Amino acid sequence: MPRSNQLPRRGWLVLPLSKRTPKRSLPPPFLIPTYLQPLPPPSNPNHSNDTRDPNGHLNNSNTRNDSNTQNDSKNQKDKQEDPPPPKSPFTASILEGSTIALLSLLSLALGGYAYNKFYKSLVLSRIESSFIRGAFSSNELVSLGRLTHSSDPKIASEALLREYWIPRPEQQFIDDIVSGKIRGRYFLLVGERGTGKRSLLLDAMRKVGGEGIAMLEAHSDPEVLRLRLGKALDFDYHEDYVGGLFSIRGPRDSSALLDIERALNKMEQVALRLREKRKKPLLLVINNVHLVNEDKEGFGLLEILQQRAEIWSSSDLVTTVFTSDENWTVERLTPRSTGLETVRIADLGREGVVGALGRYRERFFAEKVEERVAEEVYRSVGGRLGFLNQVVKAKDMLEMCRRINRREKVWFLGQCWVFGDGFGEEVVANQEFCAAAMILAREFVRRENPDKPGELPKIPLHEARQIIGRADYTQGLDHINVIHIDPHGMVRPDSVPMMNAFREIVTEEGFEEHLKATLLRMDELESLGRTRELTSREPPTYGAGEIPAQTYCARI
């Protein structure tokens, strides 16, 4: 039957809905990651170039060799252009996290190192700024407050005259030390209490405006000295380092001596930076160094300070100046010193005191002082600057002199009076010290020259120890300001009022018998401690609660 050439009629075919849920359609290919996209089907090299004619038969008109050559070149080109297989997501996350962590650590380390450098530079800059002209520390401002509180030159000059009214022969030498003209050495200023060691330094500092100077007061506690040194240098003792990464260590993480060593190291770095700029050394003043305890820690502190002073003075970095009232600091520093120069600050002479008293009273009190009164003042208090400042500002100068002499006598009797023969074994050590002081006072009175009032007698140190029979009591008497041992090994009374007290006590009637009874009682107790004796004596005549009558006592 012949096939019809008519096409079938097109129309809609309606099918019933399925009860199964349709499958979820896949997202577009550009939203699917590369490693999740399906690979293309492999191409067939044998049929890549086959064609069909209109009747549907294969056309093999092209040669198979050419077809195979083209297919091989195309496959090689596809292999070369195909991207490498992607890495796993775990490896990619590991690489990404490691890179971020490494960059973070590197940036943190660089930031910590830069901060550490900035912090150290800031510390040195603060210490350097404490040495500029006019940058007085609080200690210096308190000392010079009467001279720097007012900008009026007239008020400042009047305060200057009231404070420094006596010309001192040592002032020019101290000025040369403070200004840097004298260098290559370090100095120990030794003198009795009230001779004006500190005033000499303050006057010299005022003249240079405090440029290149750091000053502090010594103390028996190294912790207090550590704080005062940091205050003078504007150093807080905090420590920062790269390993801490911005964590600043507190100042209490080390001992006082280690902190003092750190502060001196920083000062040394600043001195090296300023040496070419200033052309002269810095100055470090430690006042009253005798207040340091005479123990292991105190000796270690003195050793640190002296080592620095030796090195700095030899290289013209820093000139160190110590002041002291006692001789034990001279004995401690001298054996280890090569560049130490000891300077004694003595009392003023008669001519200077008499002339200065007249000028001061005439200027500020409109009073003309008679020469007789000025001579009496000098015989009463001598040339001690501490006493003269009290006398010259008093309304009645002679009455103030009597008060000062009585105060010194009361002090000496309270510290060194002997008990005669009425004491027991429990006070033997104290009475030995007091008897040594009285024997030495008696020897001073014997050697006094009455033709030279105001001039103190002196005894060599070895002879004074021989007189009292003990080598250690002289240092104790120097410590309580009864005597003074100068750098040349000469022992003197501490002041003219103290010598006046010696004279009054020793010349009293009955003093020799009382001192002899004390010495005999000490010998008796010492012999009882060494031997055993059987003695008999009459029972005491006084009953319980009654106090025996005293045969002698010094008058005040």
Side-chain angles (χ1 to χ4, degrees), residues 113-144 147-148 151 171-189 200-217 226 228-241 259-287 304-323 338-341:
Y113 181 76
Y115 175 76
N116 180 262
K117 286 293 184 180
F118 167 75
Y119 181 80
K120 290 184 176 181
S121 176
L122 179 62
V123 169
L124 296 180
S125 299
R126 288 178 58 186
I127 297 178
E128 183 177 346
S129 63
S130 66
F131 288 100
I132 63 176
R133 185 177 182 88
F136 293 103
S137 64
S138 60
N139 181 29
E140 300 161 11
L141 287 175
V142 170
S143 302
L144 296 173
L147 306 178
T148 58
S151 59
Q171 187 64 60
Q172 184 59 44
F173 180 72
I174 301 298
D175 291 346
D176 293 341
I177 294 175
V178 173
S179 62
K181 295 180 180 179
I182 299 178
R183 60 183 69 181
R185 290 167 286 174
Y186 65 103
F187 302 90
L188 174 62
L189 307 184
L200 290 170
L201 290 169
L202 290 175
D203 191 20
M205 291 166 52
R206 178 190 58 81
K207 293 176 182 178
V208 299
E211 181 184 1
I213 301 171
M215 181 179 180
L216 66 143
E217 297 284 334
R226 179 187 71 87
R228 291 179 178 178
L229 179 60
K231 198 173 184 180
L233 300 178
D234 197 12
F235 181 59
D236 296 331
Y237 297 102
H238 295 291
E239 187 175 5
D240 201 0
Y241 61 104
D259 281 342
I260 292 173
E261 178 69 15
R262 287 174 50 206
L264 295 178
N265 287 335
K266 296 295 183 181
M267 182 178 177
E268 187 176 273
Q269 296 179 23
V270 172
L272 289 171
R273 293 170 57 176
L274 295 177
R275 179 164 58 178
E276 295 297 330
K277 180 181 178 180
R278 299 184 72 249
K279 304 298 182 182
K280 57 183 179 180
L282 301 176
L283 183 70
L284 176 63
V285 179
I286 303 178
N287 197 30
I304 290 175
L305 296 175
Q306 187 178 17
Q307 287 175 348
R308 291 289 180 169
E310 290 278 350
I311 297 173
W312 290 344
S313 61
S314 61
S315 57
D316 284 347
L317 279 179
V318 181
T319 300
T320 308
V321 178
F322 303 103
T323 67
T338 57
L340 176 65
E341 182 175 345

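Values below: all heavy atoms of this structure, side chains included; hydrogens, waters and symmetry mates excluded. The model shown is predicted, which means the values in this text are computed figures rather than measured ones.
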Is Asp234 close to Ile127 at the side-chain level, that is, under 4.5 Å between some pair of heavy atoms? no
Test side chain to side chain contact (heavy atoms under 4.5 Å, CB included) applied to Val178 and Leu202, Val208, Val285, the passing residue: Val208
Distance-minimising heavy-atom pair for Met205 and Met215: SD-SD, 3.7 Å
From CA spacing to verdict: side chain to side chain contact (heavy atoms under 4.5 Å, CB included), Gln306, Phe322: CA-CA 10 Å; Gln306 187 178 17; Phe322 303 103; 5.6 Å; no
Where the side chain of Arg228 meets the backbone of Glu217, is there a donor-acceptor pair that is under 3.5 Å apart? yes
From CG (Leu264) to CD (Gln307), nearest 0.5 Å: 10.5 Å
Can a donor-acceptor pair be found, under 3.5 Å and without considering hydrogens, that links the side chain of Glu310 to the backbone of Thr338? yes
Find the distance between CD1 (Ile182) and CG (Asp176) and round it off to the nearest 0.5 Å. 4.5 Å
Side-chain heavy atoms of Phe187 within contact of Thr319, under 4.5 Å: yes
Do Leu340 and Leu188 come close enough that some side-chain heavy atom pair is under 4.5 Å? yes
The test is side chain to side chain contact (heavy atoms under 4.5 Å, CB included); show your working for Asn265 and Arg308 and say whether it passes. CA-CA 9 Å; Asn265 287 335; Arg308 291 289 180 169; 2.2 Å; yes
For Leu201 and Ile174, run side chain to side chain contact (heavy atoms under 4.5 Å, CB included): C-alpha distance rounded to whole Å, both residues' side-chain angles, the deciding distance at 0.1 Å, then the answer. CA-CA 7 Å; Leu201 290 169; Ile174 301 298; 3.7 Å; yes
Could you tell me the separation between the CD atom of Gln172 and the CD1 atom of Ile177, rounded to the nearest 0.5 Å? 11.0 Å
Met267 side chain near Phe235 side chain, heavy-atom distance below 4.5 Å: no
Could you tell me if the side chain of Gln171 sits less than 4.5 Å from the side chain of Asp203, heavy atoms only? yes
Search all heavy atoms of Ala232 against all heavy atoms of Ala214 and return the closest pair with its distance. O-CB, 4.3 Å
For the NZ atom of Lys120 and the NZ atom of Lys117, what is their distance to the nearest 0.5 Å? 6.5 Å
Lys207, NZ: over 12 other non-hydrogen atoms inside 6.0 angstrom: yes
Under 4.0 Å between a Lys/Arg side-chain N and an Asp/Glu carboxylate O for Arg126 and Asp236? yes
Is the Lys NZ or Arg CZ of Arg226 less than 6.0 Å from the centre of Tyr237's six-membered ring, within 45° of the axis? yes
I'd like to check Leu283 versus Thr320 (side-chain heavy atoms, cut-off strictly below 4.5 Å). Are they in contact? no
Steps toward salt bridge (charged side-chain N to carboxylate O under 4.0 Å, His left out) verdict (Arg273, Glu128): CA-CA 9 Å; Arg273 293 170 57 176; Glu128 183 177 346; 3.2 Å; yes
Quick one, Asn287 and Val321 - any side-chain contact, counting heavy atoms below 4.5 Å? no
Check ion pair Arg275-Asp316 (N to O, under 4.0 angstrom): no
Could you please spell out the steps behind the side chain to side chain contact (heavy atoms under 4.5 Å, CB included) verdict for Ile213 and Leu284? CA-CA 6 Å; Ile213 301 171; Leu284 176 63; over 6 Å; no
Can you name the closest pair of heavy atoms from Ser313 and Ala309 and give their distance? OG-O, 2.8 Å
Considering only heavy atoms from C-beta outward, does the side chain of Leu233 approach that of Lys266 to under 4.5 Å? no
